[in-house]
There are 4 protein chains.
Amino acid sequence: MSPVAATAASAVGDAPVPARRGRPRRADADGAILSAALQLLAEVGVGGLSMDELAQRAGVGKATIYRRWTSKESLVLDALHTATTPIPTPDEGDLRSDLITYTDALIERFGAGRGSDVLPHLIAASCYDDHLRASLDEYTRARQATTRLILGRGIERGELPPDADLDLLVDVILGPFFYRHLLTGDPLDRDFSRRLVDLVIH
Amino acid sequence: MSPVAATAASAVGDAPVPARRGRPRRADADGAILSAALQLLAEVGVGGLSMDELAQRAGVGKATIYRRWTSKESLVLDALHTATTPIPTPDEGDLRSDLITYTDALIERFGAGRGSDVLPHLIAASCYDDHLRASLDEYTRARQATTRLILGRGIERGELPPDADLDLLVDVILGPFFYRHLLTGDPLDRDFSRRLVDLVIH
Amino acid sequence: MSPVAATAASAVGDAPVPARRGRPRRADADGAILSAALQLLAEVGVGGLSMDELAQRAGVGKATIYRRWTSKESLVLDALHTATTPIPTPDEGDLRSDLITYTDALIERFGAGRGSDVLPHLIAASCYDDHLRASLDEYTRARQATTRLILGRGIERGELPPDADLDLLVDVILGPFFYRHLLTGDPLDRDFSRRLVDLVIH
Amino acid sequence: MSPVAATAASAVGDAPVPARRGRPRRADADGAILSAALQLLAEVGVGGLSMDELAQRAGVGKATIYRRWTSKESLVLDALHTATTPIPTPDEGDLRSDLITYTDALIERFGAGRGSDVLPHLIAASCYDDHLRASLDEYTRARQATTRLILGRGIERGELPPDADLDLLVDVILGPFFYRHLLTGDPLDRDFSRRLVDLVIH
DNA sequence: GATTAACCGAGACGGTACGTCACGTCTTTAA
DNA sequence: TTAAAGACGTGACGTACCGTCTCGGTTAATC
């Protein structure tokens with residue numbers, strides 16, 4: 001989730017200044033808040049992160065936080081976003097290699113937060129918060145799109161039959177990762193990703 | 001999770017009676033608490049379930065609850081357990097039928113709690129509570145065992161190769177269900193389970 | 001006891017304004033709390049006064065109360081203070097008259113709270129709470145000072161010998177009142193005060 | 001307060017045994033409870049004395065305590081009683097000496113419990129508990145009776161006028177002690193008792 | 001000897017109040 | 001107008017005691 005109602009002068013061109021009146025928003029507040037949030041996340045997890053503590057660490061008023069994010073969780077999601085470089089879509093000319101490269105990257109990402117309460121907490125919170133649900137969905141959709149892109153290239157290359165059920169294949173590849181991460185706790189390693197990929201593409 | 005410090009004569013033999021001293025626990029309190037919890041769960045979800053309200057509805061002191069469960073979530077898990085008949089392991093002499101029967105039952109179970117915050121909440125809470133984690137794992141393991149049993153029969157019948165990677169197949173079948181339920185929100189229906197099963201068993 | 005951390009410009013000079021930052025304390029909350037406390041005191045005494053009930057009656061959060069007073073008892077003392085006009089120091093030009101006037105006023109004050117648990121409760125609580133002890137002492141000292149002032153004027157007028165043991169006389173006059181009020185329960189009436197005063201000043 | 005419903009064969013004579021049926025009360029339980037109470041009183045005062053802790057220390061069930069005393073405070077009063085030898089009535093043939101001897105003894109008794117919350121707590125509790133009030137009154141009356149006896153002897157010896165207001169004198173002597181003990185905290189020492197006695201008897 | 005009744009220690013019971021914490025909002029003064 | 005500060009009302013938390021009530025077991029006096 002992006003900051004709410006960002007000043008969004010954004011676009012390159014001229015934009016004769018939106019003529020915002022009053023004191024301008026502190027430019028560095030977003031950064032201060034997000035990095036304080038990351039620090040706290042690492043220390044106490046989402047469950048232990050209190051907005052009072054966060055505001056104090058960021059040297060910011062609580063209202064400033066609520067002016068920019070609608071909830072703790074959407075802020076957390078943003079914080080993670082800033083700290084996370086997107087996983088690139090591999091394109092090595094070979095379906096199996098691409099899938100393995102991508103799933104290995106996924107594993108690494110999960111591994112970093114192993115034992116963390118972040119994703120579980122966000123999923124739980126998204127039950128009550130539509131904005132958060134939407135933001136979380138963005139990430140989910142992005143991962144699906146990447147996987148689907150890889151699979152699509154496989155079809156183009158004839159590595160998969162043209163009528164392959166891509167929607168299903170995507171879920172079959174990604175589902176087991178999240179299942180293990182969230183529920184079984186079974187190890188997510190390179191061996192697992194290879195066996196999974198080989199199963200899916202025969 | 002079973003109530004804390006269950007009488008647990010447990011061990012096989014006769015066990016020379018633990019000779020429980022003091023006033024015994026009210027036998028019907030567990031039931032009263034659990035059914036009040038189920039009622040509240042249906043009304044307000046896990047997030048809205050307060051221990052004060054629960055104690056009042058169950059006609060019980062708060063201490064009585066905390067004496068029997070270590071946390072709200074382990075209680076919730078217990079409540080769900082009492083309200084849930086286990087999904088039987090189908091055995092229709094045919095791998096595909098068995099898998100579809102089982103996954104359809106899973107879907108129905110998910111569907112019953114659609115939009116519910118229960119599973120997400122339990123997963124999140126299990127990050128902080130080892131007992132809860134263990135209890136939740138029981139359920140997870142039970143589903144895996146059932147699936148594995150179905151697949152094992154398939155091997156016996158020659159419907160799967162004898163060296164099939166059962167661990168992986170189990171995750172490939174169950175993973176996508178939880179992935180959709182927890183993350184994508186995509187529909188879980190009979191069509192999905194058939195496509196998934198057909199993919200997995202060729 | 002005054003509210004904790006009172007704005008307390010206090011000091012003599014101009015004090016360059018403490019420049020209190022943040023939202024100021026609700027000005028009327030003290031009054032609302034104190035008058036709700038008085039109402040509850042009259043209904044249920046100190047022992048029956050619960051902070052939850054008090055907060056609700058005052059239309060205030062519990063935290064707001066705890067922000068301003070350290071304990072129920074110091075709050076009670078404050079409440080009584082606001083509801084109590086100080087007993088004026090009589091000055092009728094005659095020692096006996098002054099003492100009787102003052103002791104009669106004391107009796108009336110005691111009588112108002114007859115059967116009340118307020119003073120006993122405050123004395124007991126002051127064993128654990130130094131702030132409360134100090135506040136309670138203020139009242140005690142004020143009564144002693146008034147009595148001593150009356151006696152001092154008596155010395156000036158020659159009604160008492162110049163070397164009279166004022167400290168002792170003060171305790172001899174006030175002690176029996178509290179002794180009866182707290183311990184014996186014997187009546188505190190005008191007759192008693194006259195006999196006491198006559199004994200003390202011969 | 002004596003133990004509730006004491007077997008109370010009491011009266012000297014015959015009393016052909018009340019023929020109590022059932023198991024007799026444990027003879028040593030009273031002692032165990034009282035001494036545990038004294039120990040706890042010294043450690044944490046009346047306010048910090050919990051019945052659970054007391055029962056545990058005495059190696060006794062809570063019901064056993066409540067069978068013998070109606071309240072924590074009456075038990076405390078009893079405990080103090082057992083630990084306290086009564087102050088003897090001095091009779092040295094001289095009013096001043098007798099009073100000073102007695103008041104010095106009183107001071108010593110107060111001094112032992114200096115800073116203690118016992119008397120304040122008992123006074124406060126007696127506002128709600130009539131039994132306790134009565135028990136506490138016994139002590140108060142006993143002190144008054146002793147003082148009055150000393151003064152009466154003084155009248156007999158002609159050291160006080162025959163029409164002296166004994167009720168008042170008693171309160172004038174005892175009142176200041178309790179006033180200082182409970183309210184002012186001023187020192188209670190031999191000097192104080194001498195000055196007080198000399199003031200009262202001229 | 002069997003029965004009965006009151007006691008015993010242990011500890012669970014329904015309650016009530018506690019003081020703390022975090023929430024998201026509101027209200028100041030300052031920039 | 002936004003900022004930092006921090007007080008606000010709300011409401012849940014888990015704990016600590018209260019005084020009562022079972023339990024399974026004694027320990028007498030009565031039958």
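Since the model is a prediction, treat every value here as computed from it, not as a measurement. Every chain is numbered from 1 and lettered A, B, ... according to where its sequence line falls, protein lines coming before strand lines.
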Between D/Thr64 (side chain) and D/Val60 (backbone), is there a donor-acceptor pair under 3.5 Å?
no
Over all heavy atoms of both residues, which pair between D/Leu132 and D/Ala125 is shortest? Give the atoms and the distance, please.
CD2-CB, 3.5 Å
Tell me the closest heavy-atom pair linking C/Asp117 and C/Gly47, and the distance in Å.
OD2-N, 3.1 Å
Just the rounded figure in Å: distance from [atom2] of [N] to [atom1] of [X].
X	N	atom1	atom2	result
A/Gln56	E/dC23	CD	P	13 Å
B/Leu75	F/dG14	CG	C1'	15 Å
C/Asp30	F/dA7	CG	P	13 Å
D/Ile65	E/dC8	CD1	C1'	13 Å

Is the number of heavy atoms from other residues, nucleotides or ligands within 6.0 Å of CD (A/Glu53) greater than 12?
yes
Looking at D/Arg68, I'd like to know whether one of its side-chain N or O atoms comes within less than 4.0 Å of OP1 or OP2 on E/dC7.
no
OP1 or OP2 of F/dA7 under 4.0 Å from side-chain N/O of C/Thr64
no
Ion pair present between C/Arg133 and C/Glu73, side-chain N to carboxylate O less than 4.0 angstrom?
no
Go through it in stages, so that I can follow the logic: the residues are C/Leu40 and C/Arg57, the test is side-chain contact (heavy atoms from CB on, under 4.5 Å), and I'd like the CA-CA distance, side-chain angles, deciding distance and then a yes or no.
CA-CA 9 Å; C/Leu40 276 168; C/Arg57 289 233 197 161; 3.6 Å; yes
Taking the side chain of D/Arg26 as heavy atoms from C-beta outward, which of E/dC18, F/dC18, E/dG9 is closest to it?
E/dG9
F/dC18, F/dA7, F/dC13: which one has an atom nearest the side-chain heavy atoms of C/Arg25?
F/dA7
How does each nucleotide of nucleotides 20-27 of chain F score, in 5' to 3' order, for protein heavy atoms under 4.0 Å: base (B), sugar-phosphate only (S), or none (-)?
BBBB-BBB
